[in-house]
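Remember, predicted model here, so these are calculated numbers, not experimental data.
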Amino acid sequence: MGSAVRDLRARAASLAGGTFTLALFGAFSAGKSSFANALLGEAVLPVSPHPTTAAINRIMAPADGAEHGTARVRMKTRAAFQEDLAYSFRLLGLGEPEADWQKRVKGLSPQDVHPAGRPHYSFLQAAAAGWAETEELLGQEVHVDLEGYRSFVANERKSCFVDSIDLHYSCPVTEQGIVLVDTPGADSVNARHTGVTFNYMKNADALIFVTYYNHAFSQGDRQFLQQLGRVKDSSAMDQMFFVVNASDLASSEEELEQVLDHVSTQLRANGIRSPRLFPVSSLMALESKSDGDADRLARSGFGTFEEEFNRFAGRELADLAVGGAAEELSRVAQRLEQRAQDAAQGEEVLQRRRAELSAGMEQSRVRIEAFAGRTMKEELAQETGELLFHVRQRLGFQLGQFVAEAFHPSVLREDRGNLKAAFAACGRELLRMISVELEQELLATTLRLEQAGKSWIAKQLADCTADLERMLEGMDLSQAFDEQWATPVLKEIRLEEPSGWKSYQSYFRNPKQFFEGDGRRRLQEAIEPVIKQMAADALPAAQEQLVGFYDDRVRASLRHQANLLTERVQEAAAALNETMTSGVPAEEWHNLSVQVMGWRSE
């Protein structure tokens with residue numbers, strides 16, 4: 001029973017010491033920090049007016065010797081900071097950063113920057129201002145008190161150099177084991193690290209998307225929500241909550257309902273069907289919790305959200321975790337009952353079964369080796385090729401929308417000054433949006449490939465187990481298959497126009513001709529085949545990486561499951577031999593099985 005004991009102990013430890021990850025998403029100024037504070041019941045997170053350089057921020061109960069109110073700040077490595085610096089330089093059309101990059105940044109004017117590039121402008125300004133003070137901290141881990149933590153979060157001259165922060169804070173929420181994760185907004189510089197945010201989307205126990213009462217969804221929000229929709233479609237459980245913050249700004253119930261209807265429509269348009277939507281006033285909730293004002297807390301709408309969230313966390317997730325433990329106990333009880341049945345057999349029957357088992361062991365070894373040697377590479381290559389074909393198709397359908405958002409009338413205006421520079425900035429923004437879209441699509445593709453790989457392995461495992469149980473008649477060899485797979489770290493997609501958009505200037509003579517005439521339409525017709533070819537050129541390397549990664553993952557999983565099957569067969573053989581020699585009566589094995597089933601029902 002060694003494997004059963006090991007598995008039960010591991011599951012018990014997970015249930016006893018496990019944590020619950022709650023990830024917050026949303027654009028800056030949506031009120032994520034105030035919402036987190038209302039959830040925590042205290043003003044823990046600073047509310048920064050311009051958190052465009054925000055990093056991953058985790059709030060958790062003190063552990064491993066950490067004291068309440070202390071934080072561990074992981075600074076970016078020098079290489080990671082240089083990558084961020086180079087990305088923002090390229091996006092703003094500044095070329096590559098030189099040794100005196102700070103001087104170049106200080107001469108940059110916000111009027112020369114596309115609106116979508118403003119977070120990168122803010123990042124560069126903050127980095128230049130804080131470089132002398134913070135350069136020596138790059139690559140280090142800094143331990144600070146609560147005041148120091150708030151400085152690293154709210155002061156952009158520091159936060160732009162931060163990779164992630166863990167705040168150890170004791171309050172009723174964190175003491176339940178909840179780890180609250182505040183992620184960079186879709187408009188943050190760090191949002192370009194799409195893989196980090198994606199892993200929280202994929203692996204968090206619950207997701208909360210916060211939007212502000214009177215804010216429209218930005219283009220970044222829409223791309224982000226589309227990715228949320230893809231993750232939701234692949235999940236066995238709906239763990240997403242959507243919050244409209246500052247609902248107290250509504251002048252009437254009718255106005256609030258109109259806003260909620262609008263948000264619901266936008267969410268459905270971006271792939272979020274039947275969203276769980278809650279209007280709240282985070283500031284009112286925090287104040288009412290501080291004052292102990294239950295009536296005002298009810299008016300804030302926060303109590304309704306917390307009631308639904310606690311029901312989900314305390315019932316749906318708990319049922320899922322306990323259900324897995326119950327299945328494990330059922331398998332153990334079944335094995336014990338098999339021991340009882342074996343012990344009830346006469347000596348002659350047991351001798352015959354041992355002989356049959358001895359004859360079947362070699363067959364089972366060959367069958368397990370065949371199972372471990374299977375390959376899915378051809379299926380993976382075909383599946384990946386088909387998925388990326390559809391990626392290119394979807395990109396073609398969306399191209400007109402991307403062009404309209406990048407080359408927008410609010411950007412190309414007569415009062416903008418240098419319209420040629422503004423036109424080139426629009427072109428760079430177009431390529432940035434398409435690069436992000438391709439990266440998001442590739443991450444969504446990892447979900448589909450992971451599902452395909454796990455389904456294929458589960459089928460192979462079921463077939464192999466059935467064959468083994470026929471060879472070793474009367475033995476239960478079933479086992480759980482619930483592996484957690486990592487997401488591959490995909491290479492950043494860089495789409496660049498070699499001419500710097502000069503070759504397309506003829507399509508833009510002036511704003512009137514471009515938007516009211518046929519300039520923008522003709523530009524789209526000219527650049528569409530170029531962009532499609534850029535995407536087509538970028539995807540083969542990604543396809544090769546994806547096939548290689550999941551082929552390795554499938555092979556490793558097959559080997560692991562084969563080792564577990566071998567262990568189970570050996571245990572089954574040892575169990576039969578022990579039944580013949582130990583003299584333990586069938587009733588004792590049966591009573592053990594009944595006891596285990598009693599634990600299961602509890």
Taking side chain as C-beta onward, heavy atoms only, is [X] less than 4.5 Å from [Y]?
X: T174; Y: L180; result: no
X: V391; Y: R394; result: yes
X: F81; Y: M75; result: no
X: Y200; Y: R58; result: yes
X: L39; Y: F302; result: yes
X: L468; Y: R367; result: yes
X: E439; Y: L490; result: no
X: L539; Y: L442; result: yes

For [X], I'd like to know if atom [atom1] has over 12 heavy atoms of other residues, nucleotides or ligands within 6.0 Å.
X: R311; atom1: CZ; result: yes
X: Q341; atom1: CD; result: yes
X: E141; atom1: CD; result: yes

- Item | CA sep, side-chain torsions, deciding dist, call: F312, F241, ring pair (Phe, Tyr, Trp, His ring centres under 6.0 Å) | CA-CA 10 Å; F312 164 79; F241 298 80; 5.5 Å; yes

- Task: Under the side chain to side chain contact (heavy atoms under 4.5 Å, CB included) rule, what do S33 and D182 come out as? Steps first, then yes or no, please.
- Result: CA-CA 8 Å; S33 297; D182 188 10; 4.1 Å; yes

Donor-acceptor contact below 3.5 Å, side chain [X] vs main chain [Y]:
X: Q543; Y: T384; result: no
X: T19; Y: I178; result: no
X: H590; Y: A340; result: no
X: Q227; Y: Q440; result: yes
X: N37; Y: L45; result: yes
X: K202; Y: L447; result: no
X: N245; Y: S282; result: yes
X: Q338; Y: Q334; result: no
X: S455; Y: A452; result: no
X: R150; Y: V44; result: yes

- Output, in order, the C-alpha distance, side-chain angles, deciding distance and verdict of side chain to side chain contact (heavy atoms under 4.5 Å, CB included) for V162 and V73. CA-CA 7 Å; V162 171; V73 183; 3.9 Å; yes

- Query: Are any of the side-chain nitrogens in D163 or K76 under 4.0 Å away from the carboxylate oxygens of its partner?
  - Reply: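 Salt bridge flag = no for K76 with D163.
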
- Message: If the threshold is 4.0 Å, N to carboxylate O, is there a salt bridge linking E369 and R365?
- Response: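 So E369 pairs with R365 through a salt bridge.
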
Search all heavy atoms of [X] against all heavy atoms of [Y] and return the closest pair with its distance.
X: E175; Y: P62; value: OE2-CD, 4.0 Å
X: V596; Y: L336; value: CG2-CD1, 3.7 Å
X: T487; Y: F549; value: C-CZ, 4.2 Å
X: P46; Y: Y149; value: CD-CE2, 4.2 Å
X: A333; Y: M597; value: CB-SD, 3.5 Å
X: L138; Y: F161; value: CD2-CD2, 4.0 Å

- Message: Before you tell me yes or no, could you show the steps for H68 and Y169 under side chain to side chain contact (heavy atoms under 4.5 Å, CB included), namely the whole-Å CA-CA distance, both residues' side-chain angles and the distance that decides it to 0.1 Å?
- Response: CA-CA 5 Å; H68 166 72; Y169 200 87; 3.6 Å; yes

- Task: Going by the ring pair (Phe, Tyr, Trp, His ring centres under 6.0 Å) test, name the single residue among F209, F278, F305 that passes it with F35.
- Result: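 For F35, the ring pair (Phe, Tyr, Trp, His ring centres under 6.0 Å) check succeeds only for F305.
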
- Item | Residue among Q561, K454, H560 satisfying side chain to side chain donor-acceptor pair (under 3.5 Å) with E483 |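 Running side chain to side chain donor-acceptor pair (under 3.5 Å) over Q561, K454, H560 with E483 returns exactly one hit, Q561.
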
- Task: Give me the ring orientation class for F20 and F309: parallel if the planes are under 30° apart, tilted from 30 to 60°, perpendicular past 60°.
- Result: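 Answer is perpendicular, since the angle exceeds 60°.
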
- Message: With side chain to side chain contact (heavy atoms under 4.5 Å, CB included) as the criterion, how do T183 and V196 come out once you've worked through the C-alpha distance, each side chain's angles and the decisive distance to 0.1 Å?
- Response: CA-CA 9 Å; T183 66; V196 177; over 6 Å; no

